[in-house]
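Reading through the structure tokens given below for one structure.
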Amino acid sequence: MLRFGINNTSKISNWISRGVIPPENVLELPELNGIRLIKAIPYRP
């Protein structure tokens, strides 16, 4: 998160739910307790 200057994970979760980060750029891993990996490209809300 420091790479892009984002200071909390709730902002990222909000962007995912609102569609700012498209589903094809999110990989959810249920075997790792549902951790989500986000493609590391700049997103704008």
Side-chain angles (χ1 to χ4, degrees):
M1 291 188 316
L2 295 175
R3 179 178 180 178
F4 296 107
I6 300 168
N7 56 2
N8 62 38
T9 57
S10 62
K11 184 179 286 188
I12 301 299
S13 296
N14 188 13
W15 287 358
I16 292 170
S17 65
R18 289 184 14 222
V20 174
I21 300 175
E24 60 268 12
N25 290 349
V26 178
L27 177 63
E28 188 167 347
L29 302 173
E31 60 272 8
L32 296 175
N33 294 326
I35 193 169
R36 293 183 284 189
L37 302 176
I38 313 294
K39 188 173 182 179
I41 59 174
Y43 297 99
R44 294 184 185 226

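Values reported hereafter were calculated over all heavy atoms of this structure, with side chains retained and with hydrogens, waters and symmetry mates removed.
For the atom pair Ile38 CD1 and Leu27 CG, the distance stands at 9.0 Å (nearest 0.5 Å). Here Ile21 contributes atom CD1 and Ile16 contributes atom CD1; the two are 5.0 Å apart, rounded to the nearest 0.5 Å.
In this structure, the side chains of Ile6 and Trp15 come closer than 4.5 Å at one or more pairs of heavy atoms. With a 4.5 Å cut-off on side-chain heavy atoms, Leu37 and Val26 do not count as touching. Residues Asn14 and Val20 have side chains not in contact (no heavy-atom distance under 4.5 Å, counting atoms from C-beta outward).
For residues 25-37, the set of pairs meeting the side chain to side chain donor-acceptor pair (under 3.5 Å) definition, not counting sequence neighbours, comprises Ser13-Arg36, Asn25-Tyr43.
Under the side-chain hydrogen bond (donor to acceptor under 3.5 Å, both in side chains) criterion, Ser17 pairs with no residue at all, not counting sequence neighbours.
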